[in-house]
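Chain naming here is simple, since letters A, B, ... match the order of the sequence lines and numbering starts at 1 in each. Remember, it's a predicted structure, so these values are computed and weren't measured experimentally.
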Amino acid sequence: MWRLGLIKKLFSMSRKFILTKEETLPENRLTIAYRDELNEQQFQVATIGNGPVLVVAGAGTGKTRTLIYRVAYLVETGVAPEHIVLLTFTRRSSNEMLNRAAGLLDGRCKRVRGGTFHAFCLTILKQYASKLDYPNNFTILDASDAADVIDVVRSTSSINTKGKRFPRKGTLQSIFSSVRNKGVAVGQVLEAGYPQFGAFTQEIELLFEEYSRYKQKHGLMDYDDLLIMTLKLFSKDPAVLFEIASSCRHVLVDEYQDTNRTQSLIVKALASVHGNVMVVGDDAQSIYRFRGADFKNIIGFPTEYAGSTVLKLEHNYRSTQSILDLANHLLSQAKRKFDKQLFTLKEGGDLPGLVPAPDDRFESRFVSQLILQLREQGIALREMAVLFRNGHNSFDLEIELGRKNIPFVKYGGLKLAEAAHIKDVLAYLKVIENPRDTVAWNRILQLLEGVGPKTAGQIIEWIEADQDDSFELKERPFSTAYIESLRALFVMLRSVKTSESTPTSQVEAVLAYYLPVLKRVYYEDFQKREQDLEHLIGLTVSFGKRSELLDSLVLDPIELTVIDVEAVKDDEPPLTLSTIHSAKGLEFKVVFIIHAMDGIIPSSYSVGDDESIEEELRLLYVAVTRAADHLYISYPSLQYRRYDGQYFTQPSRFLESVPEDILELCSLVEQDPVELPSHPAPNQLTSSGTPNQ
DNA sequence: ACAAGCAGTTTTTTT
DNA sequence: AACTGCTTGT
């Protein structure tokens with residue numbers, strides 16, 4: 001492990017020469033009228049000179065827009081687009097920003113580099129992998145791949161997992177990820193988050209070491225490695241750091257409050273030559289503590305970067321005053337105080353509504369009916385969103401929307417690349433790409449009839465011993481139970497490997513082999529899964545290389561229901577369903593927050609830990625501030641749990657102390673469909689009163 | 001000895 | 001829906 005001190009020393013090593021600042025274009029020769037199109041605070045941000053800058057931007061203050069103008073300004077004043085690095089949270093927001101910036105300057109911003117930290121680091125690592133003793137065709141493990149590797153390591157190690165309850169593979173994976181993202185010891189992570197496994201500290205530490213060794217040996221990198229290995233590369237080879245940092249004349253980071261320690265060190269490294277780093281964020285919207293994000297990064301920025309400028313964006317252009325009142329009230333409940341009060345010129349507006357529904361079904365009917373009515377009133381579906389805490393909170397609503405023929409896209413929850421059948425298909429391609437990828441081998445071997453964990457492990461040992469990437473089946477004591485199907489598998493792998501065809505035809509070739517397997521293994525619902533595979537073929541056409549397809553699917557996971565987007569491409573733009581986490585940075589005219597009961601928001605997992613509860617509060621704050629004009633918060637009063645039957649719920653504790661002149665309590669009243677007026681105002685559907693139970 | 005099938009439990013949020 | 005632990009079958 002490298003040390004923080006070493007990195008710091010590294011940065012100070014590069015000698016600095018002071019150049020006189022190149023003359024910037026006079027303002028009147030710029031093509032964009034920055035002063036007219038931005039407010040004073042935004043203008044400052046967009047046009048500020050060199051040096052470190054922290055922008056504290058409240059929700060809805062035009063942060064994205066300002067960053068776009070910043071990029072445009074830099075390009076216009078002579079910075080080459082490829083010397084600008086724009087790090088954003090999702091590739092979705094990165095693309096949106098670059099497209100909008102390109103629109104401002106007729107395409108000149110297209111060559112700005114950027115994307116997520118992980119994607120950006122990947123491009124560096126692909127180039128310099130050999131310096132870290134990795135092959136440059138290394139495989140990226142997603143969270144469940146990583147868990148599978150941990151499982152393999154555990155079963156081959158001599159650790160006794162019997163007796164008392166030993167953590168499962170997925171739990172181990174999150175423990176290891178915390179260790180690395182927070183930079184603390186295994187023992188500390190266990191103590192803080194998993195006290196029940198404290199007795200296994202030694203075993204878990206051992207596994208952690210073995211897991212790291214295994215990845216190195218087999219050319220595997222998990223998500224955390226992409227970041228940490230990049231830092232390691234920088235500290236191992238200062239010349240590489242210097243070369244990369246030299247090409248980063250301006251580093252811009254969005255959502256800085258959600259970066260972790262490693263990411264902040266990467267930013268520091270990238271800015272180590274030119275020192276031009278602008279980070280934008282809002283500590284009140286920090287919602288990724290669970291994966292190591294630390295809002296201290298944003299708070300501590302001015303101390304970390306001497307001579308930095310702090311700018312603020314406080315004018316909210318998005319929401320009505322009524323919605324901001326609720327948002328401000330939520331923030332006032334936080335233990336850690338925020339020095340921000342958002343203000344808007346959009347006075348008044350309907351009060352946000354709190355709607356207790358009798359149960360799930362009523363909640364879904366309420367939301368979908370109101371959506372239809374608002375659409376009648378001229379609000380497009382694409383301007384409305386339903387937000388929720390957990391991916392599965394919308395299942396019932398999804399059925400109802402389907403019934404009412406309301407098109408929707410869902411963000412968050414299950415990703416296409418996480419579905420078992422997609423992982424199967426990708427595993428064949430991964431093995432062809434990197435024959436040392438034992439996780440993928442393990443997966444595809446176990447799809448053979450008569451091969452389970454033990455036999456798969458045995459076959460993998462033989463394959464590894466061969467050190468031969470040509471997929472020839474050598475003489476081994478194979479059992480007759482599976483030898484024929486194993487032979488068929490190798491024939492397929494060899495023919496795809498040697499075909500040198502496009503990723504699309506490679507996927508098609510794999511599918512020809514895989515479809516019978518699919519039907520046997522998933523005989524219950526293979527038809528549904530077959531559709532996803534069709535969708536996968538559609539996705540492959542934009543890739544020129546197999547490795548690009550594989551990397552992209554891991555780093556930029558396609559949401560499962562994006563299928564629906566394709567289907568309705570020419571029709572009405574769909575309604576958005578999203579987890580609150582995935583809705584970060586987005587805005588909608590109408591927002592529904594569903595399942596807003598205690599135990600969901602805040603999650604029952606966070607109860608008992610003040611810091612976690614605070615994060616849940618910020619999460620609700622983020623959800624509320626997505627809304628521009630109308631906000632409805634609902635929850636089912638009655639829930640079913642499989643074993644203890646029905647039980648009554650409480651609304652989220654964060655909403656309990658909110659006075660009725662900020663959040664209006666509504667009730668649902670059932671009415672004959674014929675009686676429905678054709679153009680009711682949203683408030684007429686609900687009337688103030690006691691909850692209807 | 002190992003694979004396959006069944007039953008019962010458990011599920012946050014994301015790169 | 002997927003994972004674990006248990007039982008049955010080869």
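Taking atom OH of residue A:Tyr411 and atom C1' of nucleotide B:dT14, one finds them 16 Å apart after rounding to whole Å. When rounded to the nearest whole Å, the span between NZ of A:Lys423 and P of C:dA2 equals 11 Å. What separates CG of A:Leu172 from P of C:dT4 is a distance of 11 Å, to the nearest Å. In this entry the distance linking CG of A:Asp142 with P of B:dT15 reads 12 Å, nearest Å. Look at CG on A:Leu619: it is 12 Å from C1' on B:dT14, rounded to the nearest Å. Between the CG atom of A:Leu553 and the C1' atom of B:dT15 there is a distance of 14 Å, given to the nearest Å. For the pair A:Phe526 CZ and C:dA1 C1', the interatomic distance rounds to 18 Å; values are reported in whole Å.
Relative to the side chain of A:Arg168, the nucleotides B:dT10, C:dA2, B:dT15 differ in distance, and B:dT10 lies closest. Of all nucleotides listed (C:dA2, B:dT13, B:dT15), B:dT13 comes nearest to the side chain of A:His581.
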Give me, pair by pair, the N or O atoms of the protein and of nucleotides 3-6 of chain B that are less than 3.5 Å apart, along with how far apart they are.
residue, atom, partner, partner atom, Å
B:dA3, OP1, A:Gly452, N, 2.9
B:dA3, OP1, A:Gly452, O, 3.4
B:dA3, OP1, A:Thr455, N, 2.9
B:dA3, OP1, A:Thr455, OG1, 2.2
B:dA3, OP2, A:Lys454, N, 3.3
B:dA3, O5', A:Gly452, N, 3.3
B:dA4, OP1, A:Gly450, N, 2.4

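Here A:Phe117 does not lie in a stacked arrangement on the base of B:dT15, lacking the combination of planes under 30° and ring centres under 5.5 Å apart.
For A:Tyr605, a side-chain nitrogen or oxygen approaches OP1 or OP2 of B:dT11 to under 4.0 Å. Look at A:Ser582 and you won't find any side-chain N or O under 4.0 angstrom from OP1 or OP2 of B:dT13.
Applying the side chain to side chain contact (heavy atoms under 4.5 Å, CB included) test between A:Ile580 and each of A:Ile601, A:Leu620, A:Val624 identifies A:Ile601 as the sole match. The side chain to side chain contact (heavy atoms under 4.5 Å, CB included) test with A:His421 singles out one residue from A:Leu533, A:Val517, A:Leu426, and that residue is A:Leu533.
Residue-level contact check: A:Gly391 touches the backbone only, with heavy atoms under 4.0 Å from sugar-phosphate atoms and none from bases.
Remark on DNA chain B: of its neighbouring residues A:Glu616 and A:Gln173, the 5'-side contact belongs to A:Glu616, judged by nearest-heavy-atom nucleotide.
Electrostatic pairing of A:Lys63 and A:Asp254 counts as a salt bridge here, judged by a charged N lying under 4.0 Å from a carboxylate O. Ion pairing between a basic and an acidic side chain is recognised when a charged N comes within 4.0 Å of a carboxylate O; A:Glu614 and A:Arg336 show no such pairing. Between A:Arg487 and A:Glu484 there is a salt bridge, with a side-chain nitrogen of the basic residue lying less than 4.0 Å from a carboxylate oxygen of the acidic one. We find that A:Arg653 and A:Glu656 are not joined by a salt bridge, their nearest charged nitrogen and carboxylate oxygen being 4.0 Å or further apart.
Residues A:Tyr134 and A:Asp225 have side chains that never bring a donor and an acceptor to within less than 3.5 angstrom of each other.
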